Chemist: 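Okay, handing you the structure first.
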Amino acid sequence: MEVWYCRVCGLDYDESPWGPDGHTPDFSTCACCGVEFGYQDYTPDSARAYRAQWLAAGAAWFYPNMKPHNWQPGAQLPQVPAGYH
Ligand SMILES: [Zn+2]
């Protein structure tokens with residue numbers, strides 16, 4: 001199983017919310033940036049726009065109770081897949 005990284009914030013997932021074929025999003029929500037997979041991350045431009053908005057708002061976790069204790073946005077953001085930076 002390959003690790004999948006959020007196209008907006010770079011959070012790692014055990015399974016792709018875009019489905020095994022990469023084209024079937026489940027419209028779940030990223031615990032970190034709150035993007036709805038299949039919606040705001042549909043294109044590199046929309047992912048960038050959502051990321052800019054999220055960062056400008058303070059990069060808060062959508063589900064704060066899932067935020068790792070020593071979380072650093074600067075360490076996670078470089079995990080955003082190539083093409084979505
Ligand atoms: Zn995310």
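It should be emphasised that the depicted structure is a prediction, and the values quoted were computed from it without experimental measurement. In each ligand, atom 1 is the first atom listed, and ligand 1 is the first ligand listed. For reference, positions follow the sequence shown, starting with 1.
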Chemist: Do Asp26 and Ser28 have side-chain N/O donor and acceptor atoms under 3.5 Å apart?
Modeler: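 On atom types as modelled, these side chains qualify, holding a pair under 3.5 Å.
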Chemist: Would a 4.5 Å heavy-atom cut-off, applied to side chains only, mark Phe62 and Cys30 as touching?
Modeler: no
Chemist: What is the total of protein N/O/S atoms that are closer to the Zn ion (ligand 1) than 2.8 Å?
Modeler: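 Excluding waters, the total comes to 4.
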Chemist: Among side-chain atoms of Trp18 and Asp41, is any donor-acceptor pair under 3.5 angstrom?
Modeler: yes
Chemist: Is there a donor in the side chain of Trp71 and an acceptor in the side chain of Gln76, or the other way round, less than 3.5 Å apart?
Modeler: yes
Chemist: How long is the span from the OH atom in Tyr63 to the OG1 atom in Thr29, to the nearest 0.5 Å?
Modeler: 5.0 Å
Chemist: Would a line drawn from the ring center of Tyr42 to the ring center of Phe37 be shorter than 6.0 Å?
Modeler: no
